[in-house]
Visitor: 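Please see the structure below; I have some questions.
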Amino acid sequence: MIERPRGTHDVLPDEQPLWRHVTGTAEALCAIYGYRPIQTPVFEDTELFQRTSGQGSDVVQKEMYTFADRSGRSLTLRPEATAPIARAYVEHGMHRLPQPVKLYTIASCYRYATPQRGRYREHFQLSVEAIGSDDPLVDAEIVQLYDEFLRRLGVTEYQLELNSIGDRNCRPAYVEKLVQWLDEHDDVLDDEARQKRATTPLRVFDVDNPRVREALQAAPKIGESLCDECREHFSAVRAALDAYGVGYTIQPTLVRGLDYYTRTTWEFVGPEGGAQSTISGGGRYDYLVEEIGGPPTPGVGFGAGIERLLLALAGREPELTEGIDVFFVCDAAADRERVLPLLAELRRRGLKADLDYAARSRKGQITQAGRLGAGWTVIVDGAQATVREQGKEDWTTPLDALVETIAG
RNA sequence: GUGGCGGUAGCUCAGUCGGUAGAGCCCCUGGUUGUGGUCCAGGUGGUCGUGGGUUCGAGUCCCAUCCGCCACCCCA
């Protein structure tokens, strides 16, 4: 048997109502906040992700689905949706539109990682982006949008972690300062920490060794080294979140995995999913558009995993019923034929109507009607019909009058 | 990519010491029952993940591999 590729999953009909509830809620909310939908290709020029995510990032190092097409071009299935949207912004000259340009998409993303619950090689992300403004109120708006999204879905147990990682003015100096501190305290480091010092210094705070973590408490933190502009920006973001009533905790060591982030960064952490409990992550990316070849343009946005949100939603799913209106039960072949024009007319009027195609017995057909949640079960007998209407006594009618009685 | 655990019917699982494959649910049929619910009886459904090996004989033991789950890495 041919099975689905590793790390992918089918979304079956039974799961569709919940999926549509989630994506529909996202779309409705984005519309209310003034974000407009956009779609970009599933694959992009490989260079787009190499340049923006950073050569040292895990995504570029080991997780991209990269292939050569028949002409030898290197293409990559998108591992995330922000860079493609920024690319579309530049390519279509959206910097001439009134700023900021507020966009969102619900897109499949692809990462070659070892799959487990909440981590897939193909997954879906809601990606919301505001490009063209460095106003801290935009950061706050977009964070509050996701917070409101969770509220609407009934997810209550989550945490928002917030940080600022500075910009090109203050971050390089901070990294230098941090590396210098690490050099001076080399004796308290372990191999993992030394490794990170060499590749991704900001990540040394993630090391496992508790002894090293303890020692790192004394190391300089980015928050103390922000330039005045970044400091003011961050405090304005926090003030706006306070005004919105969005709770958060400052996480001074929160660093994101992609190189393009600047200033504000955040993660929403949900209650489920074990090690994969991050349900949304985002931040500001003030040099991304420029990196792609557009004019210097600030931006801010987030990606939110749909599958992980569903995990966080487990046990709180709303009742989503999708019963049909009319089901015809026929014993004789002649009755089935007699019913066809009624079936067409009911459907023409927008009612969900159906009949048996599995050669079931009368009892089986009535059972099927019940399974489908039929509002009216019409048991046909020649030109007459007995109708079982939910919550009422059975009644009889000539078939000729059925449509008018039900739909008229 | 590394390590640990697992894979038997559509689903949830049992399967003893190696001896010809089981249950419940679901589905279909018949009966009971003044609603499609309940109850009773019967039936369909299997490459025991896959491929090798050991053996007279493998769901069971060994090896490899695929897939899932957990941890690490990292993320959504």
Side-chain angles (χ1 to χ4, degrees), chain A residues 1-9 12 14 22 53-54 56-64 78-82 106-128 146 158 161 192 195-196 199-200 203 206-209 254-258 261 265-270 272-283 301-312 323-324 326-329 356 358-379 386-396:
Chain A
M1 188 178 56
I2 299 173
E3 298 174 323
R4 64 186 189 272
R6 183 169 197 213
T8 64
H9 57 101
L12 301 177
D14 281 352
V22 167
S53 296
S57 66
D58 274 35
V59 167
V60 171
Q61 284 289 309
K62 53 184 190 186
E63 293 181 352
M64 294 206 303
R78 63 178 164 227
E80 55 104 17
T82 300
I106 295 172
S108 58
C109 296
Y110 302 84
R111 292 184 197 175
Y112 190 87
T114 303
Q116 62 192 76
R117 183 178 163 86
R119 164 186 289 169
Y120 300 100
R121 290 183 172 178
E122 180 189 62
H123 72 282
F124 285 79
Q125 277 188 32
L126 165 66
S127 187
V128 182
Y146 188 75
Y158 60 90
E161 298 183 348
E192 188 190 357
Q195 174 74 28
K196 291 191 170 178
T199 54
T200 49
R203 291 200 167 275
D206 295 337
V207 298
D208 296 322
N209 190 325
L254 174 66
V255 177
R256 302 208 43 75
L258 306 176
Y261 285 113
T265 59
W266 69 88
E267 278 184 20
F268 279 87
V269 182
E272 300 287 334
Q276 282 74 239
S277 54
T278 299
I279 51 177
S280 169
F302 67 82
I306 303 291
E307 291 86 349
R308 287 191 184 176
L309 180 62
L310 258 20
L311 241 39
I324 71 165
V326 184
F327 193 86
F328 288 101
V329 174
D356 173 64
R360 287 187 183 85
S361 64
R362 166 187 282 248
K363 176 176 178 173
Q365 291 182 51
I366 292 173
T367 301
Q368 176 65 3
R371 253 193 305 253
L372 295 173
W376 291 276
T377 300
V378 181
I379 301 162
T386 303
V387 181
R388 280 183 186 170
E389 186 174 350
Q390 265 185 2
K392 293 191 180 172
E393 289 289 310
D394 289 3
W395 45 279
T396 59

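Here is the naming used below: chain letters follow the sequence lines, and residue numbers restart at 1 for every chain.
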Visitor: To the nearest Å, give me how far apart CG (A:L311) and C1' (B:C69) are.
Guide: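 Rounding to the nearest Å, CG of A:L311 and C1' of B:C69 are 13 Å apart.
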Visitor: State, yes or no, whether a side-chain contact exists between A:R117 and A:R119 at a heavy-atom distance under 4.5 Å.
Guide: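 They are not in side-chain contact.
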Visitor: If I pick the C1' atom on B:C66 and the same atom on B:C74, what distance separates them, to the nearest angstrom?
Guide: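 My reading of the C1' atoms in B:C74 and B:C66 gives 24 Å.
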Visitor: Using every non-hydrogen atom in the two residues, find where A:A312 and A:I279 come nearest and quote the distance to one decimal.
Guide: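 Scanning both residues completely, I find the closest heavy atoms to be CB-CG2, 4.3 Å.
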Visitor: Counting only side-chain N and O atoms of A:R256, is one of them less than 4.0 Å from OP1 or OP2 of B:C75?
Guide: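 For A:R256, the contact criterion (side-chain N or O under 4.0 Å from OP1 or OP2 of B:C75) is not met.
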Visitor: Give one of base, sugar-phosphate or nothing for A:A374, where a contact means two heavy atoms less than 4.0 Å apart.
Guide: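 Result for A:A374 = base.
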Visitor: Need one value for A:Y120: base, sugar-phosphate or nothing, where a base atom within 4.0 Å counts as base even if backbone is also close, heavy atoms only.
Guide: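 Base: the residue A:Y120, judged by heavy atoms under 4.0 Å, touches a nucleobase.
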Visitor: Looking for any heavy atom pair under 4.0 Å, which part of the strands does A:Q390 touch: base, sugar-phosphate only, or nothing?
Guide: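 If one applies the 4.0 Å heavy-atom cut-off, A:Q390 turns out to touch a base.
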Visitor: Find the distance A:M64:CE to B:G1:C1' and express it as a whole number of Å.
Guide: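 These atoms are roughly 17 Å apart.
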Visitor: Nearest-Å distance, NE2 (A:H9) to C1' (B:A76)?
Guide: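 The distance from NE2 of A:H9 to C1' of B:A76 comes to 11 Å, rounded to the nearest Å.
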Visitor: Just to confirm, is there a sub-4.0 Å distance from OP1 or OP2 of B:G1 to any side-chain nitrogen or oxygen of A:Y112?
Guide: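 Yes, such a contact exists.
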Visitor: Could you check whether A:T377 gets within reach of a base, just the sugar-phosphate, or nothing at all, counting any heavy atom under 4.0 Å?
Guide: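 Base contact.
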Visitor: What is the nucleic acid contact for A:T278, judged by heavy atoms within less than 4.0 Å: base, sugar-phosphate only, or nothing?
Guide: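 It contacts base atoms.
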Visitor: Got A:L126 and A:I306 here, is their nearest side-chain heavy-atom distance under 4.5 Å?
Guide: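 A:L126 reaches A:I306 side chain to side chain.
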Visitor: Taking only side-chain N and O atoms of A:R203, does any of them lie within less than 4.0 angstrom of OP1 or OP2 on B:C75?
Guide: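 Looking at the OP1 and OP2 atoms of B:C75, one of them is under 4.0 Å from a side-chain N or O of A:R203.
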Visitor: With a distance cut-off below 6.0 Å to the six-membered ring centre and an angular limit of 45° from the axis, does A:R78 pair with A:Y110 as a cation-pi contact?
Guide: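 Judged by the rule, A:R78 and A:Y110 form no cation-pi pair.
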Visitor: Taking atom P in both B:A76 and B:U38, compute the distance separating them and give it to the nearest angstrom.
Guide: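 The answer is 47 Å between these two P atoms.
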Visitor: Show the nearest heavy-atom pair for residues A:A113 and A:R121, with the distance to one decimal.
Guide: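 That would be O-NE, 2.9 Å.
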Visitor: Take the protein atom CD of A:E307 and the nucleotide atom P of B:A76, then report the distance between them rounded to whole Å.
Guide: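 Between P of B:A76 and CD of A:E307: 13 Å.
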Visitor: Any base atoms under 4.0 Å from A:S57, or only sugar-phosphate, or nothing? Heavy atoms, all strands.
Guide: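 The residue A:S57 makes no contact with any strand.
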Visitor: Under 3.5 Å, is there any donor-acceptor pair linking the side chain of A:R308 to the base of B:C75?
Guide: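 Per atom types, the contact qualifies.
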Visitor: Please compare A:W376 and A:G281 by the position of their nearest nucleotide in RNA chain B and report the one closer to 5'.
Guide: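 It is A:W376 whose nearest nucleotide is closer to the 5' end.
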Visitor: Once you apply a heavy-atom cut-off of 4.0 Å, does A:R119 come out as touching a base, just sugar-phosphate, or nothing?
Guide: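 Here A:R119 touches the bases of the nucleic acid.
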Visitor: Would you please confirm or rule out a distance under 4.0 Å between OP1 or OP2 of B:C28 and any side-chain N or O of A:R360?
Guide: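 Answer yes for this pair, as a side-chain N or O of A:R360 is under 4.0 Å from OP1 or OP2.
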Visitor: Can you tell me how far C1' of B:C27 sits from CD of A:Q365, to the nearest Å?
Guide: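 Taking CD of A:Q365 and C1' of B:C27, I get 16 Å after rounding.
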Visitor: For A:I324 versus A:V326, what's the shortest heavy-atom pair and its separation?
Guide: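 That would be CD1-O, 3.3 Å.
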Visitor: B:C74, B:A76, B:G31: which one has an atom nearest the side-chain heavy atoms of A:E63?
Guide: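 Closest of the options to the side chain of A:E63: B:C74.
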Visitor: Would you measure the distance from the P atom in B:U12 across to the matching atom in B:C69 and give it in whole Å?
Guide: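 B:U12 and B:C69 have their P atoms separated by 13 Å.
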Visitor: Verify the contact: side-chain N or O of A:S361 to OP1 or OP2 of B:C28, cut-off strictly under 4.0 Å; return yes or no.
Guide: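 No, outside the criterion.
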Visitor: How many Å lie between NZ on A:K62 and P on B:U2, as a whole number?
Guide: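 Atom NZ in A:K62 sits about 11 Å away from atom P in B:U2.
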Visitor: Which is more 5' along RNA chain B, the nucleotide nearest A:I306 or the one nearest A:E393? Just name the residue.
Guide: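 Nearer the 5' end of the strand: A:E393.
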Visitor: Within the structure, does a side-chain N or O atom of A:R371 lie under 4.0 Å from either OP1 or OP2 of B:C26?
Guide: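 No, because none of the side-chain N or O atoms of A:R371 sits under 4.0 Å from OP1 or OP2 of B:C26.
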Visitor: May I ask you to evaluate whether A:Q116 reaches the phosphate of B:A71, defined as a side-chain N or O under 4.0 Å from OP1 or OP2?
Guide: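 Checking A:Q116 against B:A71: at least one side-chain N or O falls below 4.0 Å of OP1 or OP2.
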Visitor: May I ask you to decide if the ring planes of A:F302 and A:Y146 are parallel, tilted or perpendicular, using 30° and 60° as cut-offs?
Guide: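 Ring orientation, 0 to 90° scale: perpendicular.
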Visitor: Say we look at B:C11 and B:G30: how far apart would their P atoms be, to the nearest angstrom?
Guide: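 Nearest-Å result for B:C11 against B:G30 at atom P: 28 Å.
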Visitor: Using a cut-off of 4.0 Å on non-hydrogen atoms, how would the nucleic acid contact of A:D394 be classed: base, sugar-phosphate, or nothing?
Guide: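 Contact class for A:D394: base.
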Visitor: Have a look at A:G282 and say if it touches a base, only the backbone sugar-phosphate, or nothing, with a 4.0 Å heavy-atom cut-off.
Guide: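 Nothing: the residue A:G282, judged by heavy atoms under 4.0 Å, touches no strand.
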Visitor: Taking atom types as they are modelled, would you say the side chain of A:R117 forms a donor-acceptor pair with the base of B:C70 within the 3.5 Å cutoff?
Guide: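 Side chain to base: no pair below 3.5 Å.
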